[in-house]
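Worksheet: one structure, shown below.
Counting convention: from 1, in listed order, for ligands and their atoms alike.
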Amino acid sequence: MTRAFVIALTLCSVGLTPDASMSRPIRRSALVERIAINDNRAGAGTVRDGVLTIRLEAHLGDWHPDGDADPGITVAAFAEEGKPPQIPGPLIRVPTGTGILAVVRNSLPDSTLFVHGLYTHGARGPDTVQVKPGEVREVRFDAGPPGTYFYWATTSATAAVGFRGPASQLSGAFVVDSSTALGTPRDRVFVLGFWTPGDNTGFIKLTDVNRFVINGKSWPHTERLTYTVGDSVRFRVVNTSVVPHPMHLHGFYFNVDSRGTERSDTAYAAGSPHFVVTERVPPGRTISLTWVPERAGNWLFHCHDNYHVLRNRPFDGSPLPAEHEMHVDNHALEMMGGLVMGVEVRPNGRPVAQPNDGGRRRLRLVARVDSGGTDTEPAYGYVLQDGKSTTPMRSPLLPGPTILLRRGEPVSITVVNELPEATAVHWHGIELESYFDGVAGFSGGSGRVSPAIAPRDSFEARFTPPRAGTFIYHPHADEVRQQQAGLSGAIVVLDNPDAYDAMHDVVLLVSTPRRAEDGATTVFLNGTSAPQARDMRVGERYRLRLVDIHTYRPSMIARLMRDSTLLEWRALAKDGRDLPAEQATRRPALQQAGNGETYDFEFTPTAPGDLRFTMSSGAGVRLVSMPIRVH
Ligand SMILES: [Cu+2]
C-alpha cells in the first residue's frame, strides 16, 4: 500500500529568507571523526576558583542519529577540545554565580562561525561571537540567574536557530543551577534537533530524507528512560530546531515549571501550577517540567506533530524496511521515528488497586471505511455504539463522534476494526493503565503489550476517567495516514453526562482534511472546511472545547471575533485539567494551539449580532470560519 504522505507537499513554512552563504556546502575533509552522542548527564569543562573554563571546537564529524551501525552523515558539531565532537554540543552546567571562560575554536573549513548564547543570561549585551575559519576567540561572562538556556552556532550572520543543513546541529544546552542545588542533578536535559538538507528557500520538505532527534538520536534509538512509581521526574527540554514541537506525555500530566530562551528563563510561581499533557515548544525555546509516574508500564514522551515522529529513510537513500509499510503489530518500533522517548515505569512494590468491574459502562467504537476514499488517501471514520444508539448514522463519518463519559465511572470501550488495515486507539490525556494506552507494540509491560488491532479483530480498552474535561481519541498506528483518513474525535468527561447540552457545550475539533491537496490550503473544523452557522443567545453561557488533532501545522490560532474586533472569553481548562482559579481569567479570545492540545473556554455573548470563530494556520492556508448568530 502506498502511503498518503509521500505526496510531495511543502508542509511547513518557516518564514526564513534564503542566504547565499548558507547554500555553500561545507567541504568534507578526507577523514572525519565519528560524532559522540551526548546524553547531557555531565557538564563539560573544568571549574577552578569559581570559573568554568570550557574549550569548544567546531569541526566536521560523522553523525549516526539512527542505529550506531546504520549509515551516518557528515555535519558540523561542537567538541570539547581534544575530545570527539558531540551532538548535542557539550553541556554547559554550572551553579549561578559561576564565571565562564569560553574558548571557541573554529576548525570548520571555509565557514565563519557565528556563536550565540555565550553571555550573561538575563542581561542585555552583545550576543554573537564571530570566529573566522582557523581562529580562536575567548569570551568571559557570568552565568547569570538559574534557568534552562542553550548556546548555538551557525555559519551565516542572519540564520535562525537550527537552520537546515550541515550547521544545524551546532547547539548545546546551558543549564544554570540555583546556588542551593545539592549533589548530582537528577533531572534530564533533552535537546530537540532537526536535520534536513533543504534548499534554503524557506521551506522544509518533510518528504526529503531528514532527521528529528532528541539528544542526537532518532527513535527507536533514543535513550530509554527508567523510573519507579512515585519518583519525582524532571525534564529540561531545549528546542534548537527550526520548527515548533508540541511535546506530549502519555498517561500523566506534567507541570511546566519554566519557559525560556537562549537568553532568559521565567519560572512560574510555586503555587501556580501549569499542568498539561502537551506543551508546545517553539523553536529557540526551552521548558522545564516535572511529573510523577503514578502507574507502571511503558509510556511515551513525544512530539505530537505526526510528521516529526515518522520513521524516515536511511541516509544512504535506501528504502524503509517493508515492515514500515505493512501496518505491522509492532507499530511503535517499526513505524515511528524521530522525536520520541520511551519511558519504562517500574512498580514500586506496593499493591496496585484493582478497578471494580461492577457497573462498568460498555461502549463500542467501530473504525469503519467511509465513502470517497482511495488506496493512498483512504476515507475512514469512527462510529460509536452506545446501547441501541449509533453515532454518526450516515456518511460522512466526520468528525469522529464525541464520546461522553462520566467522571469516576468505569468504562469499557471495545474498539472494533472494520478497516482493511491494523489500527490502535490512544485515549489522549486520560490517566489510565499503560496496557490500554493504545501504542501498539509498546504500551503495557512485562508480558502484556498492547496489540495492534488486526482487521476484523477488536480490543477492549478499560479505564475510569478521574477528572471532568476535554480529551482526544485517535489512532496510535500509522497516525499520519489514519488521522488524515478521518480517525479522530473528542472525549468529553462530565460529572453528569445526562445533562450534556450540545447547544451550550460546543466541541471544536480541528483536524487534517482527508485529501492532502485540500490539506495544503485549509484545515477541517468539525470535519469540514466550511462549518455550519451556530446560534447563541445573549446572556447565556457557552463552553467552547477546542481540540487540536491536526497532524501537522503546530502553530494555529483560534479567534472569536465580531467584525474585526476580538471578543473576550474566560479560560477554563488546558488538556482536560481545570485551571487554578487565578489562571481562569477573562482574556482576549485568541489562542495559539498545537497538535494534541485541548483548551476549554467560557463565552457569554453580550449583544445580538453576527460573530465568528476562526482558525488560521498561516500564509497560504485559508482561514476557516464558523459563523455564530447571536439572538
Ligand atoms: Cu515536532
Side-chain angles (χ1 to χ4, degrees), residues 5 9-16 65-66 87-88 150 160-164 168-169 171 190-196 198 203-222 235-250 254 256 259 276-287 289 300-312 332 335-343 426 428 439 472 474 476 478-480 483-484 488 510-512 519 523 548-556 575 592-597 617-618:
F5 64 82
L9 282 172
T10 54
L11 286 168
C12 46
S13 161
V14 293
L16 299 172
D66 306 328
I87 291 179
F150 64 98
V161 64
F163 202 81
R164 283 163 293 158
S168 60
Q169 306 305 312
S171 50
F190 302 129
V191 174
L192 313 182
F194 179 39
W195 177 90
T196 177
F203 288 94
I204 291 171
K205 291 188 187 68
L206 290 175
T207 46
D208 286 345
V209 175
N210 64 62
R211 280 302 175 278
F212 288 96
V213 294
I214 301 181
N215 284 355
K217 281 285 190 185
S218 176
W219 174 266
H221 307 286
T222 49
F235 294 167
R236 298 172 188 265
V237 179
V238 178
N239 182 3
T240 64
S241 80
V242 73
V243 281
H245 302 298
M247 297 304 293
H248 171 55
L249 179 66
H250 281 225
F254 60 86
V256 181
R259 292 192 176 107
V276 301
V277 299
T278 308
E279 175 73 6
R280 197 178 159 278
V281 189
R285 302 289 181 90
T286 74
I287 59 170
L289 62 97
L300 292 181
F301 180 57
H302 70 89
C303 176
H304 219 287
D305 183 319
N306 296 104
Y307 283 85
H308 300 179
V309 293
L310 273 181
R311 188 151 173 200
N312 190 265
M335 299 189 68
M336 293 182 79
L339 297 182
V340 184
M341 298 209 77
V343 184
H426 169 54
H428 178 116
V439 183
I472 314 173
H474 66 79
H476 224 298
D478 212 347
E479 293 88 339
V480 165
Q483 284 180 41
Q484 180 179 309
S488 62
V510 179
S511 66
T512 316
V523 300
D548 184 346
I549 192 61
H550 200 279
T551 54
Y552 54 103
R553 302 198 189 289
S555 306
M556 283 194 269
D575 295 342
Q592 184 166 47
N595 330 59
E597 289 189 292
S617 321

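Applying the salt bridge (Lys or Arg N to Asp or Glu O under 4.0 Å) criterion to E597, with sequence neighbours excluded, gives K574.
Under 3.5 Å, the side chains of T551 and T512 contain a donor-acceptor pair of N or O atoms. Residues S218 and R311 have side chains that never bring a donor and an acceptor to within less than 3.5 angstrom of each other. Remark: the H302 side chain and the H250 side chain contain an N/O donor-acceptor pair separated by less than 3.5 Å.
Formation of a donor-acceptor pair under 3.5 Å by the R553 side chain with backbone atoms of G519 is found in this model. One N or O on the side chain of N595 and one on the backbone of Y552 form a donor-acceptor pair closer than 3.5 Å.
Here the protein contributes H245 ND1, C303 SG, H308 ND1 as N, O or S atoms under 2.8 Å from the Cu ion (ligand 1).
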